[in-house]
Number of protein chains: 2
Amino acid sequence: TFGACGAVTGVKNPVLLARHICDQQRVPLSLGRIPPCLLAGEGAHRYAIEHNIATVAPDSLISDKAIRTFKHCMKRFNRHQEHEDKRMKYNTGFTSELQKQMDTVGAVCVDTKGNIAVACSSGGVLLKRSGRIGQAAMQGAGCWADSTVGVVSTGCGEHLMATCLAREAARNIHASDCPTSALHSTFVDGFLGSPLLSNVEEKLAGLLVIQVKGGRGEMLYAHTTDSMCIGYMATNNKKPKSRMSRLPAGSKHGFSLTLEGVSF
Amino acid sequence: TFGACGAVTGVKNPVLLARHICDQQRVPLSLGRIPPCLLAGEGAHRYAIEHNIATVAPDSLISDKAIRTFKHCMKRFNRHQEHEDKRMKYNTGFTSELQKQMDTVGAVCVDTKGNIAVACSSGGVLLKRSGRIGQAAMQGAGCWADSTVGVVSTGCGEHLMATCLAREAARNIHASDCPTSALHSTFVDGFLGSPLLSNVEEKLAGLLVIQVKGGRGEMLYAHTTDSMCIGYMATNNKKPKSRMSRLPAGSKHGFSLTLEGVSF
């Protein structure tokens, strides 16, 4: 089952609200009413209160760092709006600065019975419009889980939604004997080369994938962003391993990809 | 490109707001800001006002019929809540009554150059929670369009979102020589038999599909709902043709399907 929330303020851990909505998909409502799988805005906030999911003053969720980043961006933005003649100057460099600040967190796991669960949460893109819902709230874009494959994504939400990238990766992995080459072709054909993104210059995505098949598993990740931070651990590990994956020197983000995998 | 809005009140034609959001995907914003592809709630309403998309008093969008249906449902619902002992009595029959009232409208079209466009709009399920976003706002669930296939869906939004059914149909049609059997297997394997809906008794969906390949086209539709109303016309037709497609007598909605197609 799938559950999500978006464009909601004042919920301490939106992923717990999403989890509650997801779990309720299995609980039939009276009179054949359908439990929602995606709630947004004020309605999502009310749902959280009714179901005892922690809500807080929205201000308390804003870190000092986020305020600094926001003020910095707004200053650049206002300067850019005011000085039409010097726009190019202010535009240069800032684009990639904006797109670097992506903060999606995703998790994929499998239990000893082979059940796969995934979750993700994201602050979204910088200087976004109020009411924007991103890929994290969209089944098939931000995440996908079925009986053998789990996928979470990061990157530019709009690119991930246009291509349903998490679902695409899962389907390609199902259809292939080699999850590595299936993930590679997902990026090459289903993302970097997708006609659905023909108007986008820099195509930004990262995927974290688990496949479980015949008692063995593969953990894979790939990204077209400059970097992607990965952590993983198995039941028999004492500590999680982590690493910062980066595009090879000379590769340009949004145009090329790097891919790695670990068997378990 | 894809654009959508959800959980928004007071917008006269939400599909025009979705269209505007979709079109803006092709217009780069300054400073590398990303135009949103899904807007919800108050933010969506503000976007409509800023972009001169007609807004009206929310009350003016409520038809007399909708008020009657709502009052009838709330009466049943309240009676059901009050009389715990007689719940079964009130539950019986009402479930299918609720689920019959689906009002999604979808359109798929192809121009003389082979460009495919799709759109859909939906009032959602009855007695839904405030803030619910349905399949119509979700790429891959409510609609899909690429260079050769266009799909729109109707049915129970939560079932369509869980299975990304529109995307699924497009992929199966791409991978097959026969769009009819591809659409059939989408329903049998990807919906009625999907492990993702194992907890759902009655699985409700309808798909309307166009495929264009080598100058020829197929229009196909299939549904597990009791009925689905279809209208179609080609440039050389004077009037659209329409028909009400129904499940064969003896078939149970949510468990079986009917499928038909027209070549053009």
Side-chain angles (χ1 to χ4, degrees), chain A residues 1-2 6-8 25-26 28 30-47 73 76-77 80-81 87 90-91 94-99 125-134 137-141 144 146-147 156-158 161-162 164 167-168 171 195-196 199, chain B residues 1-2 6-8 25-26 30-47 73 76-77 80-81 87 90-91 94-99 125-134 137-141 144 146-147 156-158 161-162 164 167-168 171 195-196 199 201:
Chain A
T1 55
F2 169 75
V8 60
Q25 295 287 306
R26 298 200 171 271
S30 62
L31 298 175
R33 285 172 302 140
I34 312 283
C37 71
L38 171 54
L39 286 177
E42 186 45 38
H45 190 254
R46 270 208 301 280
Y47 182 102
C73 289
R76 293 288 293 255
F77 179 69
H80 179 270
Q81 298 295 94
R87 277 201 178 173
Y90 293 118
N91 216 340
F94 193 61
T95 300
S96 39
E97 198 178 326
L98 258 191
Q99 300 194 343
V125 292
L126 277 176
L127 298 186
K128 59 180 177 290
R129 281 198 69 102
S130 164
R132 172 192 181 262
I133 291 184
M138 218 185 254
Q139 165 80 321
W144 181 265
D146 56 40
S147 52
C156 174
E158 279 66 17
M161 290 188 267
C164 287
R167 176 70 190 110
E168 195 73 5
R171 266 212 61 153
L196 300 167
N199 59 316
Chain B
T1 56
F2 168 75
V8 59
Q25 295 286 307
R26 298 201 171 269
S30 63
L31 298 175
R33 285 172 304 141
I34 313 282
C37 70
L38 170 55
L39 286 177
E42 186 46 38
H45 190 253
R46 271 209 300 280
Y47 182 103
C73 289
R76 292 288 293 254
F77 179 68
H80 179 269
Q81 296 296 91
R87 277 200 178 172
Y90 293 118
N91 217 340
F94 194 62
T95 300
S96 39
E97 199 178 324
L98 259 191
Q99 301 193 342
V125 292
L126 277 177
L127 298 186
K128 61 181 176 288
R129 282 200 68 104
S130 163
R132 172 192 181 263
I133 292 184
M138 218 185 256
Q139 164 82 321
W144 182 265
D146 56 40
S147 53
C156 174
E158 280 65 17
M161 290 188 266
C164 288
R167 175 72 191 107
E168 195 73 6
R171 267 214 59 155
L196 300 167
N199 60 316
E201 209 192 344

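Reminder, nothing fancy here: chain letters follow the sequence lines and each chain counts from 1.
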Tell me which of these, Gly134(A), Gly41(A), Gly140(A), Cys37(A), has more heavy-atom pairs under 4.5 Å with chain B than the rest. Cys37(A)
For Leu38(B) and Arg132(A): C-alpha separation, side-chain torsions, deciding distance, then whether side chain to side chain contact (heavy atoms under 4.5 Å, CB included) applies. CA-CA 6 Å; Leu38(B) 170 55; Arg132(A) 172 192 181 262; over 6 Å; no
Look at Ala141(B), Pro35(B), Pro195(B), Cys164(B) and state which one has the largest set of heavy-atom pairs under 4.5 Å with chain A. Cys164(B)
Going through the distances and angles, do Gln139(B) and Arg167(B) end up as a side chain to side chain contact (heavy atoms under 4.5 Å, CB included)? CA-CA 8 Å; Gln139(B) 164 82 321; Arg167(B) 175 72 191 107; over 6 Å; no
Any carboxylate oxygen within less than 4.0 angstrom of a Lys/Arg side-chain nitrogen, looking at Lys128(B) and Glu158(B)? no
Chain A interface, residue from Ala162(B), Gly43(B), Gly131(B) that has the most non-hydrogen pairs under 4.5 Å: Gly131(B)
Option that, when pairs with chain A are counted at under 4.5 Å, heavy atom only, ranks first among Arg129(B), His45(B), Glu201(B), Met138(B): Arg129(B)
Student check: side-chain heavy atoms of Leu126(B) and Phe77(B) closer than 4.5 Å: no
